[in-house]
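Report on the following structure.
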Amino acid sequence: MNQDEEKRKAARAAMRHVEPGMIVGVGTGSTVAHFIDALAERRHDIAGAVSSSEWSSQRLRERGIEVLDLNATGELPLYVDGADECDGNKCLIKGGGAALTREKIVAAASRRFVCVIDPSKRVEVLGRFPLPIEVIPMARSHVARELVKLGGQPVWRDGVVTDNGNWILDVHHLRISAPLELERELNQIAGVVTVGLFAARRADVVLIGDREMA
Ligand code: 5RP
């Protein structure tokens, strides 16, 4: 089975967590694209979606799913999103699609976070995938210097502007054996908007294809 079929399988399996009348939090990326397609088949059965990016909002609307404002919905029962890496504790690296800030907000506002991945995303130690960090543009060089002091090698994702008008640094050569501690430390750097480590709010359920990770 190729990688896209694995993504589709995981996305379809996440539909088991969707219940009638739910407002569903929706992530961003190629795996979530399959989830949105599956959700569209049940669009009359759900109350709408809260989206984590302009890209996902457009795809949802094109498929007839109403996109709701998180400020109006309150806490969500379910958030479904992909990841760039996932360790054995369901801690994640996210942000390959530059949507990490809104993804982190919707994940934080949801009771259950179901993460959908293909097998290539499962790792023992996070960090082979460069860690995305969203920064305020004027702080780019300052944040980059601080990251070098911590042993990382930040690379500016030149030309990419996030939905929030910010920039992305991708940090190479981090071996993240203590994700929660690193997330907290990086959050302290002035100018950092969001760190693409999802450890404080990790996934509750991880679906690798249609298999649930223990
Ligand atoms: C976007 C993300 C995505 O969930 C992550 O990049 C995985 O994407 P894909 O499903 O395309 O492999 O964090 O910011």
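Fair warning: this is a prediction, and the values are worked out from it, not measured in the lab. Remember, it's 1-based here, ligands and their atoms both numbered in the order they're listed.
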* Asked: Does Ala99, backbone or side chain, put an N or O under 3.5 Å from an N or O of ligand 1?
  -> yes
* To do: Taking only Lys NZ, Arg NE, NH1 and NH2, and the carboxylate oxygens of Asp or Glu, determine whether Glu212 and Arg16 approach each other closer than 4.0 Å.
  => no
* State, with a plain yes or no, whether a side-chain heavy atom of Arg59 is found less than 4.5 Å away from one of Asp37. => yes
* **Proximal ligand 1 atoms for Gly29, defined as those under 4.0 Å from one of its heavy atoms** => 11 (O)
* Select one of side chain, backbone, both or neither to describe which atoms of Asp118 lie under 4.0 Å from any atom of ligand 1, heavy atoms only. => neither
* Considering heavy atoms of the protein only, find what lies nearest to atom 3 (C) of ligand 1 and give residue, atom and distance to 0.1 Å. => Thr28 O, 3.2 Å
* Structure fact -> Glu103 heavy atoms within 4.0 Å reach ligand 1 at atoms 1 (C), 2 (C), 13 (O), 14 (O)
* At a 4.0 Å threshold, what atoms of ligand 1 neighbour a non-hydrogen atom of Lys94? -> 2 (C), 3 (C), 4 (O), 13 (O)
* Asked: Which ligand 1 atoms are under 4.0 Å away from a heavy-atom of Lys7?
  -> 9 (P), 11 (O), 12 (O)
* To do: Inspect the surroundings of CZ in Arg111 and state if more than 12 heavy atoms from other residues, nucleotides or ligands are less than 6.0 Å away.
  => yes
* Structure fact -> Of all protein heavy atoms, the one nearest atom 11 (O) of ligand 1 is Ser30 OG, 2.5 Å
* Ala83 heavy atoms, cut-off 4.0 Å: which ligand 1 atoms fall inside? -> 4 (O), 5 (C), 7 (C)
* Can you find a side-chain donor-acceptor pair between Glu62 and Gln58 that sits under 3.5 Å? -> yes
* Could you tell me if any non-hydrogen atom of Gly95 lies under 4.0 Å from any atom of ligand 1? => yes
* Apply ring pair (Phe, Tyr, Trp, His ring centres under 6.0 Å) to Phe113 and list each qualifying residue two or more places apart in sequence or on a separate chain. => Tyr79
* In a check of side chain to side chain contact (heavy atoms under 4.5 Å, CB included) between Leu186 and each of Val143, Leu150, Val192, which one passes? -> Leu150
* Around atom 6 (O) of ligand 1, find the nearest protein heavy atom and jot down its residue, atom name and distance. => Asp84 OD1, 2.6 Å
* Does Gly97, backbone or side chain, put an N or O under 3.5 Å from an N or O of ligand 1? -> yes
* To do: Output the list of atoms in ligand 1 that are nearer than 4.0 Å to some heavy atom of Ala98, sorted by atom number.
  => 14 (O)
* Test: Arg201 and Glu183 ion pair at under 4.0 Å -> no
* Under the side chain to side chain contact (heavy atoms under 4.5 Å, CB included) criterion, do Met213 and Ile117 qualify, and how do the steps go? -> CA-CA 10 Å; Met213 193 176 107; Ile117 57 173; 5.7 Å; no
* Structure fact -> In ligand 1, the atoms that come under 4.0 Å of a heavy atom of Asp81 are 4 (O)
* To do: Give the residue and atom name of whichever protein heavy atom lies nearest to atom 10 (O) of ligand 1, and the separation in Å to one decimal.
  => Thr31 OG1, 2.6 Å
* Are Ser56 and Ser51 linked by a side-chain donor-acceptor pair shorter than 3.5 Å? -> no
* Structure fact -> If we number the atoms of ligand 1 from 1 as shown, the ones under 4.0 Å from a heavy atom of Lys121 are 7 (C), 9 (P), 12 (O)
